Amino acid sequence: MTAAHPHPSMPDYARNAWYVAAWSHELAAEKPFAITILGEPVVIWRSASGALNALEDRCVHRLAPLSLGRCEGERLRCMYHGLLFGADGKVVEIPGQELIPTHARVKRYAVVERHSWLWVWMGDAEAADPALIPPAVGLDDPDYILGHGHLDYAAEARLINDNLLDFSHLSYVHATSFGAGPQFAQSLPKVTPLARGVRFERWTTDTQGVNIRKTDGPVDSFQSYDFLVPGILLMWSAHYPVGTAAALDFGPPDPAKAIGALNFTSQAVTPLTERTSRYFFSWGPHCRHGDAELRDRMMAIADIAFGEDKVMIEAQQRVIDGTRDPRIMPTSHDRGVTLFNRLVKKMAGQDGTPESAALDAAE
Ligand code: FES
Ligand SMILES: [Fe+2]
C-alpha cells in the first residue's frame with residue numbers, strides 16, 4: 001500500500017482564512033486535540049513550554065491519528081509505531097531505522113490563540129496573516145459578561161452561514177424564543193459589503209424591545225453585525241431614546257451612548273466535513289447593562305433559539321440531499337447571502353461546479 005495523500009477537499013470554501021477549531025480552554029497542555037476542518041484531520045497541541053502547534057492528524061507511516069500520540073517537548077510522537085514528528089511536521093525519528101526519507105512529513109497548519117478561540121489557517125501556513133483574524137470578543141473581555149457554548153450540526157456549514165446572513169428567519173424560526181416579532185421579515189436591514197464580509201445594520205424605531213430586552217417605555221433599537229470570512233458573526237445591539245435613529249439619519253449610533261440592553265455576540269461556523277459543522281457562540285450583556293443573572297437568562301434563550309436553527313437547517317439539509325437538482329429562489333432578504341457567497345466563491349478561486357452554481361443565490 002502506498003501512503004494516501006491529503007487531498008484538497010471541499011473546494012467551495014475559502015482556504016486562506018482563519019477557522020475556529022476550539023475554545024482555548026478545550027486545549028489542555030500536552031493533550032493533543034483532534035478536529036476535522038474542511039475534511040482535513042488536524043491535531044492541535046500545546047507543548048509544555050506553552051507553544052501552540054497544529055499538524056495534519058495522520059501519520060505518514062500507516063495513517064494512525066497523531067492526536068492519539070504523546071507530547072515530547074516541542075515534538076509529538078505517533079503512539080502506533082513511534083515515529084517522532086517535529087512541530088514543523090517533519091519526521092525526526094523512526095525507531096529501528098537510520099534513514100529518514102525527505103518526504104517523511106505531514107502538513108503544518110498555522111494556529112493562533114486569540115479572543116478565547118484557537119484559529120487555524122487552512123491555506124499555506126507561510127501565507128497565514130494573524131491580522132486577518134476577526135475581532136471577536138473573548139470570554140475574558142472586561143467589558144462584557146459572556147456565556148458560551150458550541151453545537152454540532154449534521155449539515156453543511158454553508159447552510160448555517162446562509163441562516164446567519166438572513167435574519168428574516170427570526171420572525172418565524174425564533175417567533176417565540178427571541179420574540180423578534182414580524183418586523184425582521186417585513187423590513188430590510190442596510191447591507192454593506194466589506195473587504196472580507198458583509199455588514200448588516202438595522203434600526204427598529206419606537207419599539208418595546210424584544211423578549212428579555214423588553215422595555216417599560218418605547219425605545220429606538222439598533223442592531224449591527226459583521227459576517228466575516230470564513231463564517232464569523234460579530235454582533236452588537238442596544239437601545240436608544242426614541243428619535244435617535246431619525247436624528248442620526250438612520251446611521252450607526254455610538255455604543256457608549258446606549259441607554260440600555262447593550263450586548264455582544266461572537267459566533268463561528270466551522271465546516272468539519274461536507275455534511276457536518278461545528279457552531280461556536282458567546283453572548284452576554286455589557287457590564288454596564290447587565291449582570292451574570294441576565295447573561296444566564298440570555299444564554300437559556302440562545303440555547304433554545306440555536307436548537308431551533310439546528311432543527312430547521314438539518315431538515316433543510318436532508319431535503320437538499322434528497323433533491324436531484326437543488327435550486328433556490330432568492331428573495332430580497334438574500335442580498336447579504338449573495339454578497340457573502342460570491343466573496344467566498346471568489347476567494348475559493350473556483351468558477352463554480354454545477355452543484356454550487358445551483359445553490360448559489362443570484363440577485
Ligand atoms: S502509524 Fe504512526 S508510527 Fe506507524
Ligand atoms: Fe437563527
Side-chain angles (χ1 to χ4, degrees), residues 1-6 32 34 41 43 45 55-72 75-86 89-97 99-101 103-107 149-151 153 155 157-185 189 200 202 210-211 223 225 227 231 233-235 237 265-269 277 279-283 298-317 333-334 336-337:
M1 177 185 152
T2 55
H5 289 286
V43 55
W45 82 96
L55 294 179
E56 178 185 348
D57 191 13
R58 179 163 42 200
C59 181
V60 291
H61 178 221
R62 286 183 173 272
L63 318 182
L66 299 180
S67 50
L68 291 182
R70 182 169 73 196
C71 295
E72 298 185 5
R75 295 162 165 177
L76 183 60
R77 188 182 296 278
C78 178
M79 287 303 277
Y80 199 173
H81 313 95
L83 265 64
L84 184 63
F85 292 80
K90 280 191 191 144
V91 174
V92 293
E93 185 189 311
I94 302 178
Q97 177 177 319
L99 186 76
I100 297 173
H103 61 269
R105 65 183 307 163
V106 294
K107 179 174 173 172
H150 72 260
L151 204 57
Y153 265 76
R158 175 170 167 138
L159 298 183
I160 309 172
N161 290 346
D162 292 352
N163 167 280
L164 296 171
L165 286 155
D166 174 5
F167 273 14
S168 66
H169 80 272
L170 263 73
S171 300
Y172 300 96
V173 175
H174 309 307
T176 53
S177 56
F178 282 138
Q183 68 265 26
F184 270 86
F200 298 80
R202 183 196 288 269
V210 299
N211 212 336
Q223 178 192 64
Y225 67 97
F227 197 80
L233 179 144
L234 306 175
M235 174 165 75
S237 60
T265 177
S266 305
Q267 305 178 12
V269 181
S277 313
Y279 175 51
F280 301 88
F281 52 86
S282 68
W283 194 30
M298 290 167 79
M299 286 310 290
I301 287 175
D303 284 342
I304 295 168
F306 296 158
E308 292 166 340
D309 285 313
K310 185 170 142 79
V311 166
M312 182 62 80
I313 292 169
E314 291 182 344
Q316 176 195 18
Q317 179 77 72
H333 278 291
D334 280 297
V337 182

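These numbers come from a predicted model, not from an experiment. Counting convention: from 1, in listed order, for ligands and their atoms alike.
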Return yes when atom CE of Met235 has more than 12 non-hydrogen atoms of other residues, nucleotides or ligands closer than 6.0 Å, and no otherwise. yes
The test is side-chain contact (heavy atoms from CB on, under 4.5 Å); show your working for Tyr153 and Asp309 and say whether it passes. CA-CA 10 Å; Tyr153 265 76; Asp309 285 313; 3.5 Å; yes
With ring centroids as reference points, do Tyr225 and Phe167 lie under 6.0 angstrom apart? yes
A side-chain contact here means heavy atoms from C-beta on lying under 4.5 Å apart; do Met299 and Phe306 qualify? no
Of all N, O or S atoms in His174, identify the one at the shortest distance from the Fe ion (ligand 2). NE2
CG of Leu55 to CZ of Phe85, rounded to nearest 0.5 Å, is 8.0 Å
Is there an N/O/S atom in Glu308 at a distance below 2.8 Å from the Fe ion (ligand 2)? no
I'd like the contact residues of ligand 1, where contact means a heavy atom below 4.0 Å. Cys59, His61, Arg62, Ala64, Cys78, Tyr80, His81, Gly82, Leu83
Trace of the side-chain contact (heavy atoms from CB on, under 4.5 Å) decision for Leu68 with Tyr80: CA-CA 8 Å; Leu68 291 182; Tyr80 199 173; over 6 Å; no
Looking only at side chains, do Gln267 and Tyr279 share a donor and an acceptor under 3.5 Å apart? yes
